[in-house]
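Below is one structure, written out as structure tokens, with a few remarks after it.
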Amino acid sequence: MMKEIPWKTYLFYVLSAEAVGALSGWLTRTGTKIFSTTVEKPPLTPPPAVFPIVWGILFALMGIGGAMVSLAPGTWRRRVALGLYWIQLGFNFLWSILFFNLQSYLLSFCWLAALWGLIVWMTLTFYEIRTTAAWLQVPYLLWVLFAGYLNYGVWRLNP
């Protein structure tokens with residue numbers, strides 16, 4: 001007999017992560033338009049259409065990993081991992097507001113560095129619980145590292 005997949009848990013985590021991204025995008029839509037037309041950007045900056053596609057994929061992977069960890073046996077380590085999951089999601093949400101709406105490029109760069117540290121910590125904690133859940137976070141880690149390069153470049157080019 002096949003094991004039943006707990007779709008409701010996966011759906012909750014993926015939709016929650018995607019909702020955070022969608023709300024952040026909606027709240028920063030005006031700031032993003034201003035940014036795309038008036039701010040000098042560093043080399044290797046992708047076209048604006050790339051960002052929602054990449055973030056949509058990353059939020060889905062994040063949600064799948066979160067669901068996998070939430071379905072693991074309940075331990076203090078699982079509670080820590082899920083706490084880190086929700087905290088980093090909140091940091092991710094607030095970064096867009098700092099960067100696009102407030103145009104606080106140095107603060108948003110520092111915020112992004114803290115977010116990256118949280119993602120590393122979360123990923124390592126996920127690894128102790130469900131290895132696959134941790135590996136699903138690697139593209140997110142790499143993208144946020146790239147976002148750090150872009151954020152730093154914007155800060156240096158637009159004092």
Side-chain angles (χ1 to χ4, degrees), residues 10-70 78-127 129-130 133-159:
Y10 281 94
L11 198 58
F12 170 75
Y13 274 86
V14 171
L15 291 180
S16 295
E18 294 289 353
V20 166
L23 180 59
S24 176
W26 185 76
L27 290 174
T28 59
R29 67 194 181 284
T30 303
T32 302
K33 284 179 189 170
I34 293 168
F35 173 82
S36 67
T37 58
T38 63
V39 173
E40 191 173 347
K41 294 157 202 69
L44 305 178
T45 299
V50 169
F51 292 95
I53 295 166
V54 170
W55 277 113
I57 294 166
L58 295 175
F59 281 121
L61 293 174
M62 197 186 313
I64 293 167
M68 293 173 93
V69 169
S70 79
R78 185 187 78 152
R79 284 191 302 278
V80 169
L82 292 175
L84 289 167
Y85 172 84
W86 293 109
I87 291 168
Q88 67 79 28
L89 200 55
F91 264 68
N92 184 309
F93 174 81
L94 291 172
W95 176 85
S96 297
I97 293 166
L98 293 171
F99 187 84
F100 292 110
N101 288 6
L102 300 179
Q103 297 177 347
S104 182
Y105 303 130
L106 176 57
L107 176 59
S108 61
F109 177 73
C110 296
W111 193 268
L112 195 64
L115 171 60
W116 194 81
L118 284 167
I119 299 166
V120 168
W121 189 10
M122 177 191 73
T123 302
L124 293 172
T125 309
F126 275 20
Y127 190 82
I129 299 163
R130 292 287 305 270
W135 282 108
L136 289 173
Q137 306 315 305
V138 172
Y140 181 31
L141 272 169
L142 295 174
W143 184 257
V144 170
L145 192 61
F146 179 61
Y149 155 76
L150 295 174
N151 189 155
Y152 179 81
V154 167
W155 170 54
R156 298 304 299 159
L157 292 168
N158 300 275

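Just so it is clear, the structure is predicted and the values come from calculations on it, not from any experiment.
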For Lys33, does the NZ atom have more than 12 heavy-atom neighbours from other residues, nucleotides or ligands under 6.0 Å away? no
Taking the six-membered ring for Trp and the single ring otherwise, decide whether the centroids of Trp143 and Tyr140 are under 6.0 Å apart. no
So which atom in Phe99 and which in Val154 form the shortest heavy-atom distance, rounded to 0.1 Å? CZ-CG1, 3.9 Å
Minimum heavy-atom separation for Ser108 to Leu98, with atom names? CB-CB, 4.0 Å
So do the side chains of Arg78 and Leu82 get within less than 4.5 Å of each other, counting heavy atoms only? yes
Check against side-chain contact (heavy atoms from CB on, under 4.5 Å), Met68 and Leu136: CA-CA 10 Å; Met68 293 173 93; Leu136 289 173; 3.8 Å; yes
Rounded to the nearest 0.5 angstrom, the CG-CG distance for Leu112 and Leu118 is 11.0 Å
Is the backbone N or O of Phe35 less than 3.5 Å from a side-chain atom of Lys41, with the two atoms forming a donor-acceptor pair by type? yes
Can you tell me if Trp86 has over 12 outside heavy atoms packed within less than 6.0 Å of its CH2? yes
Please check if the side chain of Glu18 supplies one atom and the backbone of Phe59 the other of a donor-acceptor pair under 3.5 Å. no
Enumerate the residue pairs fulfilling side chain to side chain donor-acceptor pair (under 3.5 Å) with a member in residues 109-127, sequence neighbours excluded, ordered by first and then second residue. none
Looking at residues at least two apart in the chain, or sitting in another chain, which of them share a side chain to side chain contact (heavy atoms under 4.5 Å, CB included) with Thr28? Thr32, Ser96, Ile97, Phe100, Asn101
In Å and rounded to the nearest 0.5 Å, what is the CG to CG distance from Leu94 to Leu115? 10.0 Å
For Phe109 and Trp155, take the angle between the two ring planes, folded into 0 to 90°, and tell me which bin it lands in: parallel under 30, tilted 30 to 60, perpendicular over 60. parallel
Rounded to the nearest 0.5 Å, what separation is found between the OH atom of Tyr152 and the CG atom of Leu106? 10.0 Å
